Protein chains: 2
Amino acid sequence: MAVTLRQIQAFLAVAELGTFTKAAERLHMAQPALSQLVRELEHALGIRLFDRTTRRVELTEGGREFQGASAKIVHDLDLAIQNANDLAERRRGRITVAAPPLLAAAILPEAIAEMRERFPGVQVAVLDARTDTIIEAVRTNRVDCGLGTFAAVEDGIERIPMARDQLMLFCSPGSRFADTTVDWRELRGEPLITLTRDSGIRLLVEVAYETVGIPLVPAYEVSQITTALALVEARLGVAVLPTYARAAAPHRRVLARPLSNPTIARDIVLIRPGGRSVSPALATFETILRRYARRLAPADVD
Amino acid sequence: MAVTLRQIQAFLAVAELGTFTKAAERLHMAQPALSQLVRELEHALGIRLFDRTTRRVELTEGGREFQGASAKIVHDLDLAIQNANDLAERRRGRITVAAPPLLAAAILPEAIAEMRERFPGVQVAVLDARTDTIIEAVRTNRVDCGLGTFAAVEDGIERIPMARDQLMLFCSPGSRFADTTVDWRELRGEPLITLTRDSGIRLLVEVAYETVGIPLVPAYEVSQITTALALVEARLGVAVLPTYARAAAPHRRVLARPLSNPTIARDIVLIRPGGRSVSPALATFETILRRYARRLAPADVD
DNA sequence: GCTATTCATAAGCATATCATCTGAATTCAG
DNA sequence: CTGAATTCAGATGATATGCTTATGAATAGC
C-alpha cells in the first residue's frame, strides 16, 4: 500500500482544521472522499492518526509525530517546485558566455545590462578568451555558450548565426575615402595600419590584397584593435577591420566605409553544446544578444 | 497541475539509471507510462528535466537541482513512514503508567520486565503517586494509564478491570488462623496491626469491624504495609490487608487467609483517558499487566 | 544500408477516485 | 428528556485517471 501526497495533504488539512468537513471544503472535495484518504493513510502507516468521535477529531500521539514530519516534507516539496518554477520564469539562473575580448567589449555589456534589467535574478558571467579556448570551453560545458566568428565548428556543437560581419575601411573624417564605398584596389599605395599576423583579421586582409593583386606593406603593425583605431584617428593611415570594431571605441573620430570587390564577410555566431536543452534564461539571452549584434553589424544574416 | 509522488519516483529512477526502459523495468511498469509521468512532471515544473535523444538521456541543470531536492524529500518520507511503522509494530514507543507505591512495587516490575524483553524499543515509565494524583494525571494526559483501586471514576476516563482484590488476614505461620478461612467475628480481641487512618484500606477495615459489630482497637498503627507485615512476622498481631500485599514482601514468613462474612473486595482497575485511541504498545502492555495482576489476586473479575 | 535499440505517440481498457445519498452517533436547545 | 442539528462512516454509480499494448521515428552499430 503506497502513501500518496494527496493522502498527506488530506491528513494535514484535517490535522490543522480539526474537522473533516472543514478540511474537505478547503481541499474542494466531498467529506467522504477525504475520510477515505485519511483512512488509507492510516492503513498504510499501520497506526491511527486521529481519535475521532463524531463530535471531535484530534491527533493521536503518532499522528502528531507524523504531522511534523509530513508538514516538513510538503514544505520542502513546495520549495523545490518553486525553485524549478523560478528557473522556468527566469527569476533565477546563471549563464556563462565566452567571447573574444573585442566582441565581449562591443556587444556583451549592453546585452547583459538589458538582461539584468529584465531578469534581475539571472546572473550572467563572461569569460573573455581566444577563439580556440572558447570552442574548448563550449565543448566541455564550462560555458553555456560562446560568441565569435567561428569558421568550421566540430559537431556536437550547435551554431546559431547572430549577425553578419564585414571587413570595412576605417579612416579619418578628412580622408579621401570618407564619403564613398571603397574598392579594395583603391587601397594601392595607401599607408595601411594592420594587426599583427597572429590575428584572424590580418589573415583575411592578406587574402583580400592577394586576391585583388596589390602588395600589402604595413605602415604600422599593432596587436590591439583599439591601438589601430587610435593610429587611424591620428591620420597615420587607414585600417581594415571588422564592422564591430566601431563599437570598441565609439568616442574616436574615425569613419567606417564598406569595402567591396570583394566583400569579405564572416558570420558572428553563437555556439553552444549541441543536443542539450536551452535553459529559459539562455533562450532569452540569445534573442537579446542577436538584437545587439545586428545593431552593430546590420548586414543581413543568411 | 499537481506534482505527485509517483512522478517524482519515476523521475528519480530515470535520473539514476539513465534510461527510460531500465527505469520502467525497475518500477514494474511499461516504458510509455513512465515517459508520461516524467512529461507530466516536467510540465508541472515548467522546465525540462532531461535532455533526451533516442540514444542518450541526461539530466539538465534544472533536473540535477530537482533531483537533489526530491531525493531528500523521498528519503524523509520513507523515514516518516518507517517511524510510523515502528510505532505500529511496537519497535518504538513510550508508555507512562501511574500506580500507588505498593501496586507499583507488586505488579509493575515484572510486567515492565516482560515488556522490555519482548519489545526492547518501547520505554515504560512509572509514576508512583497517591490515588487522587493518579486520577488527575490520567485526566490531564500526563500519563497514558493508571493502575489502582478506583471507586467511582468520573467520565471521560475509561475503566478496565484487571483483577479482583480482596481483604485478607495476614498472620504468622503458627497462628490459630493459619489453616482456615477466617470469619471477621473471630477477630474479636485479637491484637490488630492497622495502617494509619489516611489509608483507604484502614477505612475498609473500620467499616467491616463496624458491620460485624466488634470494636476496633489497634495494637499497632503503622503507615507502610511492609512495616505491618514485619510486625505480623514478629508475632505481634494480625493484619488485614489487600491480597496484593503478599507481593510486597514475598520473603516474609507470613500467611494470607481469606476473610469472609463479609467478603470485602475491590477491583484493581486500569484507567486511561476515554475516547482516545490506544497505542499498539499500550494495548500489549495492558494484556501483560492483566496477567500479572491476576497472578497476584487470582479471584475472578466480573 | 540494414537492423536493433530507445524514446515518443495513440488508442483502448481496467482501475481508482470522487460525489451523492444514507445511516449512526453525539451534542445542544428547549 | 426529547428532537434537531452536526459530524463522520459506508455504499453506490459516474467520471477520470493511469496503465498497457501497438505503432512510429530517430539514432547508432554492423
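These numbers come from the heavy atoms of this one structure, side chains and all, not from hydrogens, waters or symmetry mates. All values derive from a computational prediction rather than experimental measurement.
- Side-chain nitrogen and oxygen atoms of B/Ser35 include at least one within less than 4.0 Å of the OP1 or OP2 phosphate oxygen of C/dA8.
- More than 12 heavy atoms of other shown residues, nucleotides or ligands fall within 6.0 angstrom of atom CD in A/Glu42.
- Rounded to an integer number of Å, the gap from CG of B/Leu17 to P of C/dT6 is 13 Å.
- Comparing C/dT17, C/dA8, C/dC18 by their nearest atom to the side chain of B/Pro32 picks out C/dA8.
- Atom P of nucleotide C/dA16 and atom CD of A/Glu40 are separated by 10 Å, given to the nearest angstrom.
- Atom CZ of B/Arg6 and atom C1' of D/dG18 are 9 Å apart (whole Å).
- In the set D/dG10, D/dC19, C/dA8, the nucleotide with an atom closest to the side chain of A/Arg39 is D/dG10.
- Candidate nucleotides C/dA8, D/dC19, D/dC8 were compared by shortest atom distance to the side chain of B/Leu37, and D/dC19 ranks first.
- Residue contacts shown for A/Ala30 include a base, since a base heavy atom lies under 4.0 Å away.
- The distance from atom CG of B/Leu34 to atom C1' of C/dC7 is 11 Å, rounded to the nearest whole Å.
- In this structure, A/Thr96 contributes its side chain and A/Asp144 its backbone to no donor-acceptor pair below 3.5 Å.
- Of the candidate nucleotides C/dA19, D/dC19, C/dT6, C/dA19 has the atom nearest to the side chain of A/Met29.
- The CD-P distance, from B/Glu25 to D/dT20, rounds to 13 Å in whole Å.
- Minimum atom distance to the side chain of B/Thr19 is reached by C/dC7, of the listed C/dA10, D/dC19, C/dC7.
- With hydrogens and angles left out, the side-chain atoms of B/Gln82 and B/Asp86 include a donor and acceptor closer than 3.5 Å.
- Listed pair A/Thr21 / D/dC8 meets the phosphate criterion, a side-chain N or O lying under 4.0 Å from OP1 or OP2.
- Side-chain atoms of A/Gln31 and base atoms of D/dA9 include a donor and an acceptor less than 3.5 Å apart.
- Nucleotide D/dG10 holds its P atom 11 Å from the CZ atom of A/Phe20, rounded to whole Å.
- Atom P of nucleotide C/dC7 and atom CG of B/Asp51 are separated by 14 Å, given to the nearest angstrom.
- Ring planes of B/Phe20 and B/Phe50: perpendicular class, angle over 60° (limits at 30 and 60°).
- Rounded to whole Å, the distance from CG on A/Leu41 to P on C/dT17 is 13 Å.
- Note on B/Arg56: nothing from the nucleic acid sits closer than 4.0 angstrom, heavy atoms only.
- Side-chain atoms of A/Thr140 come within 3.5 Å of backbone N or O of A/Glu136 as a donor-acceptor pair.
- Each of D/dT7, C/dA8, D/dT20 was ranked by its minimum atom distance to the side chain of B/Arg52; first place goes to C/dA8.
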